[in-house]
Trainee: 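Below is one structure. I have some questions about it.
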Amino acid sequence: AAFYEGALAQRIADGVQAAGGFMTAGDLASHRADVLEPLSVDYRGHTVYETPPNSQGLILLEELNIVEGYDLAAWGHLSADAVHHMVEAKKLAFEDRQRFAGDPSVVAFEPKRLLTKEWAAERRAAIDPQRGRPAPAAAPTHDTTSFVVADREGNVCSFIQSIFAHWGSAVAIEGTGIIMNNRMRGFSLDPASPNVLAPGKRTMHTLNTYLVFRDGRPYIIGNTPGADFQVQTNLQVITGIIDYGLDPQAAIDAARWGDT
């Protein structure tokens with residue numbers, strides 16, 4: 001209430017309007033946080049949980065579903081075949097995000113449809129083992145922070161937040177130290193896009209965190225900064241541990257591909 005209502009909310013709205021924006025105190029007062037069930041898929045006997053839309057966490061899950069159809073371990077860690085097929089799986093998952101994914105309260109979009117094994121098999125069939133496909137453009141970002149915490153009782157938290165670009169929107173609310181983010185750049189002016197700009201709508205965003213459970217217990221907990229590279233890095237860390245048997249530090253330190 002201290003942040004979204006009252007004097008501070010009015011000060012934030014006044015600061016945005018002074019910079020040429022349109023936010024009002026009423027916009028802040030009407031904000032509601034949604035507490036949602038995570039999305040999940042099974043990956044080689046592990047349950048992988050991800051943040052649901054309007055996060056892009058579903059991309060990581062679709063990537064895992066697609067590459068599960070390959071024997072990555074037999075190809076070898078960072079082999080040409082393994083990297084090629086993982087990159088191609090990434091491209092297909094990003095294509096699906098751009099075609100379908102938007103604010104579920106506005107867009108007729110069912111994320112679980114993209115996370116079935118049948119959909120993964122259909123998309124996997126589009127991968128040419130000898131040739132790459134054009135890649136959707138990645139979203140640049142610079143100022144994301146993430147961390148993981150676990151306690152002695154076995155509770156775990158994977159947390160991520162971001163103002164997106166350097167200094168966010170470069171608007172600071174005078175006297176507060178608050179910097180406004182520029183996450184609205186995720187909207188599109190293309191009327192055919194599921195993220196076309198509209199009142200009261202939330203854009204898809206890149207922030208996502210994951211939990212991997214084995215035998216019903218937390219096994220791998222992670223996240224990373226990096227905009228569209230987040231779900232590419234996450235894919236490589238998870239497969240590094242599960243498919244290649246790397247210890248967590250080795251999976252983090254390993255050479256990493258980052259394809260846009």
Side-chain angles (χ1 to χ4, degrees), residues 39-50 56-99 111-138 146 148 158 206 208-215 217-260:
L39 297 174
S40 67
V41 299
D42 177 84
Y43 182 72
R44 307 198 197 283
H46 300 75
T47 303
V48 185
Y49 295 98
E50 255 286 4
Q56 72 169 9
L58 65 117
I59 295 178
L60 173 63
L61 302 184
E62 185 176 354
E63 290 172 332
L64 289 169
N65 269 350
I66 294 172
V67 302
E68 189 179 34
Y70 302 117
D71 189 346
L72 298 180
W75 279 332
H77 186 230
L78 294 177
S79 67
D81 281 333
V83 171
H84 172 73
H85 287 81
M86 292 173 74
V87 169
E88 294 305 291
K90 184 277 305 185
K91 293 175 185 176
L92 292 168
F94 270 87
E95 286 177 13
D96 287 345
R97 182 199 71 174
Q98 296 188 189
R99 282 197 298 165
K112 291 182 180 179
R113 183 175 74 88
L114 303 181
L115 301 181
T116 65
K117 300 301 183 182
E118 292 76 17
W119 181 263
E122 182 178 330
R123 298 302 273 146
R124 191 182 306 118
I127 294 178
D128 184 333
Q130 301 298 325
R131 188 179 301 274
R133 64 195 292 116
S146 62
V148 167
S158 184
T206 61
N208 72 101
T209 64
Y210 65 86
L211 311 175
V212 181
F213 276 50
R214 184 172 68 177
D215 299 326
R217 296 177 59 82
Y219 177 54
I220 309 169
I221 314 301
N223 52 52
T224 183
D228 283 343
F229 291 98
Q230 290 179 27
V231 287
Q232 302 179 53
T233 298
N234 296 341
L235 173 66
Q236 292 168 80
V237 170
I238 292 172
T239 56
I241 296 171
I242 295 177
D243 290 86
Y244 300 111
L246 302 179
D247 67 60
Q249 193 63 57
I252 293 167
D253 291 342
R256 192 147 47 231
W257 52 264
D259 182 78
T260 54

Trainee: Are V237 and T224 close enough that some pair of their side-chain heavy atoms sits under 4.5 Å apart?
Mentor: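 SC-SC contact between V237 and T224 ruled out.
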
Trainee: Quick one: which of R123, K91, R113 gives a side-chain hydrogen bond (donor to acceptor under 3.5 Å, both in side chains) with D96?
Mentor: R123

Trainee: I need the minimum non-hydrogen distance between P225 and S146, along with the two atoms involved.
Mentor: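 In terms of heavy atoms, the two residues are closest at CD-OG, 3.5 Å.
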
Trainee: Please lay out, stage by stage, how L60 and I238 fare under the test side chain to side chain contact (heavy atoms under 4.5 Å, CB included).
Mentor: CA-CA 10 Å; L60 173 63; I238 292 172; 3.9 Å; yes

Trainee: About how many Å separate CD1 of I59 and CG of L92, when rounded to the nearest 0.5 Å?
Mentor: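 The CG atom of L92 sits 11.5 Å away from the CD1 atom of I59.
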
Trainee: How close do V67 and A89 get, heavy atom to heavy atom, and via which atoms?
Mentor: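 Answer, listing the atom of V67 first, then A89: CG1-CB, 3.7 Å.
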
Trainee: Could you tell me whether a side-chain N or O of Q232 sits under 3.5 Å from a main-chain N or O of K90, the two making a donor and an acceptor?
Mentor: no

Trainee: Using every non-hydrogen atom in the two residues, find where S158 and G222 come nearest and quote the distance to one decimal.
Mentor: OG-O, 2.9 Å

Trainee: A side-chain contact here means heavy atoms from C-beta on lying under 4.5 Å apart; do L235 and L64 qualify?
Mentor: yes

Trainee: So how far is it from T233 OG1 to D228 CG, rounded to the nearest 0.5 Å?
Mentor: 11.0 Å

Trainee: Answer yes or no: is there a side-chain heavy-atom contact under 4.5 Å between M86 and E63?
Mentor: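 Side chain of M86 against side chain of E63, heavy atoms only: no contact under 4.5 Å found.
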
Trainee: Looking at OH of Y70 and CD1 of I127, how far apart are the two atoms once the value is rounded to the nearest 0.5 Å?
Mentor: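 Spacing of OH (Y70) from CD1 (I127) equals 3.5 Å.
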
Trainee: How are the rings of Y244 and H77 set to each other: parallel, tilted or perpendicular (split at 30° and 60°)?
Mentor: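 Plane angle between 30° and 60°, so tilted.
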
Trainee: Is it the case that atom CG in D128 sees more than 12 heavy atoms from other parts of the structure closer than 6.0 Å?
Mentor: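 Result for CG/D128: enclosed.
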
Trainee: Specify the closest pair of heavy atoms between N65 and R124, including all atoms of both residues, with the distance to one decimal.
Mentor: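 What the structure gives for the nearest pair is O-NH2, 2.9 Å.
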
Trainee: Within this structure, what is the CD-OG1 distance for the pair E50 and T209, rounded to the nearest 0.5 Å?
Mentor: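 Output value for this atom pair is 6.0 Å.
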
Trainee: Any idea which heavy atoms bring L115 and L58 closest together, and the distance?
Mentor: CD2-O, 3.6 Å

Trainee: Say whether, by atom type as modelled, one donor and one acceptor occur between the side chain of H46 and the main chain of Y43 under 3.5 angstrom.
Mentor: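 Yes, because the side chain of H46 sits within donor-acceptor range (under 3.5 Å) of the backbone of Y43.
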
Trainee: Going from OG1 on T206 to CZ on F229, what distance comes out if it is rounded to the nearest 0.5 angstrom?
Mentor: 11.5 Å

Trainee: Taking the basic N atoms (NZ, or NE/NH1/NH2) and the acidic carboxylate oxygens, is any pair closer than 4.0 Å for E68 and K117?
Mentor: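 Result for this pair is yes, salt bridge flagged.
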
Trainee: State, with a plain yes or no, whether a side-chain heavy atom of V212 is found less than 4.5 Å away from one of I241.
Mentor: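 Answer no - side chains too far apart.
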
Trainee: Answer yes or no: is there a donor N or O on one side and an acceptor on the other, between the side chain of E122 and the main chain of E118, under 3.5 Å?
Mentor: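 Here the side-chain-to-backbone pair does not exist.
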
Trainee: Are the side chain of Y210 and the backbone of G57 linked by a donor-acceptor contact shorter than 3.5 Å?
Mentor: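 Checked: no pair found.
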
Trainee: Is there a donor-acceptor pair under 3.5 Å between the side chain of H85 and the backbone N or O of D81?
Mentor: yes

Trainee: Is a donor from one side chain sitting under 3.5 angstrom from an acceptor on the other, for Q56 and R97?
Mentor: yes

Trainee: In Å and rounded to the nearest 0.5 Å, what is the CG to CD distance from N223 to Q230?
Mentor: 8.0 Å

